[in-house]
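Below is one structure, written out as structure tokens; the observations come after it.
Start at 1 with the first residue, then count along the sequence. Whatever order the structure lists ligands and atoms in, that order sets their numbers, starting from 1. Predicted model only: the values in this text are computed from it and were never measured.
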Amino acid sequence: MSTPPLSSRRRELAHGLQLVRERIDAACAEAGRDPAGVTLVVVTKHFPPSDVLLLHELGVRAIGENKDQEAGPKIASVRQELPAGSELELHFVGRLQSNKARHVAAYADVVHSVDRTKLLTGLAAGALERGRPLSVLIQVSLDGDTSRGGALPDDVPGLASVVSEHAGLVLKGVMAVAPLGADPDIAFAALVELARSLREGHPGADWVSAGMSGDLEAAIRHGATHLRVGTAILGSRPPLL
Ligand SMILES: *Cc1c(COP(=O)(O)O)cnc(C)c1O
């Protein structure tokens, strides 16, 4: 990627952010929702720490990353550059290997992609080392294809109760990616229904992480509390390997 001068990159990011904020406001107005109830997590994977710093200047307070080997060094360098006391949450949104869980919990504030009990010991150990609770969401596979990450809907209640047995982990809710080729309205309606039944046993688990660049309006319509938006703000990434 060629790097444009900072001032023009700042303008690009400001423009992308403004467009996304306008989309969020319009979708909230249509749904009769308060935009304050929707948290924008800007997914900065593939983009450099300098973009994260510009986004922070532009008012972003939550960024998303999906790979431990990229996220760890990036957030460390960003936190070093930010003035002391600056607020910036790191949301880990990618598939997590169990041998990386402890390391991710040492720098992440929220993990959106918990989909199996095997991750929990490592996440809890990392949270205890850091000395603060780690917020976790259970990722749900809405089409039964767990190879792309996510627990089967039937497995969510069991996984949720094991999460809540771990000191250091706080169950916040659910996350999903709309299945490829599926109607996001149908997918997010199913996710929100699942979130509703989860709250019967876990009243604090009221976050619904859903909606990306292409489907954030549908997510807002169905009650998403957290959007994970990359491309619409930062531009396109090279195709996945
Ligand atoms: C990359 C990514 C996003 C952002 O997707 P865009 O289409 O670029 O907005 C959201 N959620 C997850 C889990 C991702 O990996």
- Message: Can a donor-acceptor pair be found, under 3.5 Å and without considering hydrogens, that links the side chain of Thr146 to the backbone of Gly149?
- Response: no

Tell me, which protein residue and heavy-atom name are nearest [atom], and how many Å apart are they?
atom	answer
atom 8 (O) of ligand 1	Thr231 OG1, 2.5 Å
atom 2 (C) of ligand 1	Lys45 NZ, 2.6 Å
atom 9 (O) of ligand 1	Ser213 OG, 2.5 Å
atom 13 (C) of ligand 1	Val93 O, 3.4 Å
atom 11 (N) of ligand 1	Arg228 NE, 2.9 Å

- Give yes or no for whether the N/O distance cutoff of 3.5 Å, strictly under, is met between Gly230 and ligand 1. yes

- Which ligand 1 atoms, with their elements, are less than 4.0 angstrom from a heavy-atom of Val229? 9 (O)

- If Ile, Leu, Val, Met, Phe, Trp and Tyr residues are connected whenever their side-chain heavy atoms lie under 4.5 Å apart, and connections chain through other members, are Leu119 and Val110 in the same group? no

Residues 53-65 side chain polar contacts: donor-acceptor under 3.5 Å, at least two apart:
from	atom 1	to	atom 2	distance (Å)
His56	NE2	Arg61	NH1	3.3
His56	NE2	Glu87	O	3.0
Glu57	OE1	Arg10	NE	3.0
Glu57	OE1	Arg10	NH2	3.2
Arg61	NH1	His56	O	2.8
Glu65	OE2	Thr44	OG1	2.7
Glu65	OE2	Lys74	NZ	2.8

- Query: Where's the contact between His112 and ligand 1, heavy-atom distance under 4.0 Å: side chain, backbone, both or neither?
  - Reply: neither

- Message: I'd like to know if Lys172 and Asp206 make a salt bridge, using a cut-off of under 4.0 Å between side-chain N and carboxylate O.
- Response: no

- Item | Salt bridge flag under 4.0 Å for residues Arg132 and Asp109 | yes

- Could you verify whether a donor N or O on one side chain and an acceptor N or O on the other, from Ser209 and Arg228, lie under 3.5 Å apart? yes

- Would you call the rings of His226 and His112 parallel, tilted or perpendicular, where under 30° means parallel and over 60° means perpendicular? perpendicular

- Nearest candidate to atom 5 (O) of ligand 1, where distance is taken over non-hydrogen atoms, out of Arg148, Met212, His46: Met212

